[in-house]
Amino acid sequence: VFGKDINLVLVLSNLSSDHKSVRVDMSASTILYTRRAVAEILSAATSVELGPKQGKHIRVKIPYTHYGKYLTTDKRIQVTALCEVLRSQGLKLLVEKTIILEDTNIIIKLPRRVVVNRAVSLEISYANPLPEPVSRCVLLVTLMNQQVKINLARLAPRERSKIYFEFTPRRAGPLQLQVDFSCDKFSHVKGFVTIAVAP
């Protein structure tokens, strides 16, 4: 989840009946959706001894403080582990994993029934998932081809807040509401709902 430390486990298994020495070079970078690297956030190396038919776990932690300021709006991190079996004529194995961090910041609550030409109030809650305060918070609400920009107060670390948004639907049928939350530390956290407007 965006704003939290990332904990990973690399599992190495020796499927042979011989003893193996393995060197593991691990790295992680924030990336764009095109897989182009933005910034390296982790570089570590370790060696592991594996007995016959033995497996071992290597735990890796990427703290938020290492990746937070380098993350793009794609919220993607590429982790690679290059595993080289020593004294084996260059036997290597590359393991890759792309992590897409989830947003749990926007929650939109609708009333049970929405009727055309009758005012309705929605609850929009938003959060700061980070271990540090954020300021210059802005909520952009898009509904019925109109955008409303709402300037919000700063949020303390891990704080959740909410506002009430009132509107009157002018026609029956499905209506999409989109919310976009930005601040000084991150931008474009989105949430949306489809509202069924009754006649």
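Residues F192 and L139 fall into different hydrophobic clusters, defined by Ile, Leu, Val, Met, Phe, Trp and Tyr side chains chained together at heavy-atom separations under 4.5 Å. Under the 4.5 Å side-chain heavy-atom criterion for grouping Ile, Leu, Val, Met, Phe, Trp and Tyr, V115 is not connected to L110 through any hydrophobic cluster. Cluster membership check: V141 shares its hydrophobic cluster with M144, using side-chain heavy-atom separations under 4.5 Å among Ile, Leu, Val, Met, Phe, Trp and Tyr. Cluster annotation: V116 and L175 are assigned to the same hydrophobic cluster (Ile/Leu/Val/Met/Phe/Trp/Tyr, side-chain heavy-atom contacts under 4.5 Å, transitive). Under the 4.5 Å side-chain contact rule for hydrophobic residues, I58 and L86 do not share a cluster.
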Review point. After noting the C-alpha distance and the side-chain angles of I195 and V193, does the key distance pass the side chain to side chain contact (heavy atoms under 4.5 Å, CB included) rule?
Key: CA-CA 6 Å; I195 305 167; V193 291; 4.1 Å; yes

Point to revise | Check against side chain to side chain contact (heavy atoms under 4.5 Å, CB included), C83 and L10 | key: CA-CA 10 Å; C83 307; L10 175 68; 4.3 Å; yes

Check your understanding: Run the side chain to side chain contact (heavy atoms under 4.5 Å, CB included) check on L71 and I77 step by step: do they pass?
Key -> CA-CA 8 Å; L71 208 59; I77 294 174; 3.9 Å; yes

**Study point:** Verdict with reasoning, T142 to L177, per side chain to side chain contact (heavy atoms under 4.5 Å, CB included)
**Key:** CA-CA 6 Å; T142 305; L177 175 131; over 6 Å; no

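Rounding to the nearest 0.5 Å places CD of Q178 at 11.0 Å from CG of L143. Taking CD1 from I150 and CD1 from I124, the interatomic distance works out to 6.0 Å, rounded to the nearest 0.5 Å. The CD1 atom of I99 lies 5.0 Å from the CD1 atom of I6; values are rounded to the nearest 0.5 Å. Residue K92 holds its NZ atom at 9.0 Å from CG of D25, rounded to the nearest 0.5 Å. Between atom CG of residue D180 and atom CG of residue L140 there is a gap of 5.5 Å, rounded to the nearest 0.5 Å. Here the OG atom belonging to S29 is positioned 11.5 Å from the OH atom belonging to Y70, to the nearest 0.5 angstrom.
There is a side-chain donor-acceptor pair under 3.5 Å between S21 and R87. In this structure, a donor-acceptor pair under 3.5 Å is present between the side chains of S27 and T80. Side-chain contact annotation: R23 with S47, donor-acceptor N/O pair under 3.5 Å absent.
With sequence neighbours excluded, the residues that form a side-chain contact (heavy atoms from CB on, under 4.5 Å) with T65 are P63. Checked against side-chain contact (heavy atoms from CB on, under 4.5 Å), N14 has the following partners two or more places apart in sequence or in another chain: S16, K20, L50. In this view, Q146 satisfies the side-chain contact (heavy atoms from CB on, under 4.5 Å) rule with no residue, not counting sequence neighbours. Under the side-chain contact (heavy atoms from CB on, under 4.5 Å) criterion, L15 pairs with S13, not counting sequence neighbours.
The two atoms that bring P174 and T194 nearest to each other are CB-CG2, 4.0 Å, heavy atoms only. Minimum heavy-atom separation, K61 to N7: CG-OD1, 3.5 Å. Considering every non-hydrogen atom in both R171 and V197, the closest pair reads O-CG1, 3.4 Å. Closest approach of P133 and R154 over heavy atoms only: CB-NH2, 3.4 Å. The two residues V189 and K75 come nearest to each other via the heavy atoms CG2-NZ, 4.2 Å. The two residues A28 and V79 have their closest heavy-atom pair at CB-CG2, 4.0 Å.
Between M26 and V60, the closest side-chain pair of non-hydrogen atoms falls below 4.5 Å. For the pair T168 and V120, the minimum side-chain heavy-atom distance is 4.5 Å or more. V24 is not listed as a side-chain neighbour of L82, based on a closest heavy-atom distance of 4.5 Å or more.
The main-chain N or O of A156 is found under 3.5 Å from a side-chain atom of N128 such that the two form a donor-acceptor pair. Under the 3.5 Å distance criterion, the side-chain polar atoms of D184 are matched with a main-chain donor or acceptor of S135. With hydrogens and angles ignored, the 3.5 Å screen pairs a side-chain donor or acceptor of D5 with a backbone N or O of Y64.
Annotation: salt bridge (charged side-chain N to carboxylate O under 4.0 Å, His left out) contacts involving residues 33-56, sequence neighbours excluded, comprise R35-E96. Applying the ring-ring contact (aromatic ring centres under 6.0 Å, His included) definition to pairs two or more places apart or across chains, those involving residues 121-165 are Y126-F181.
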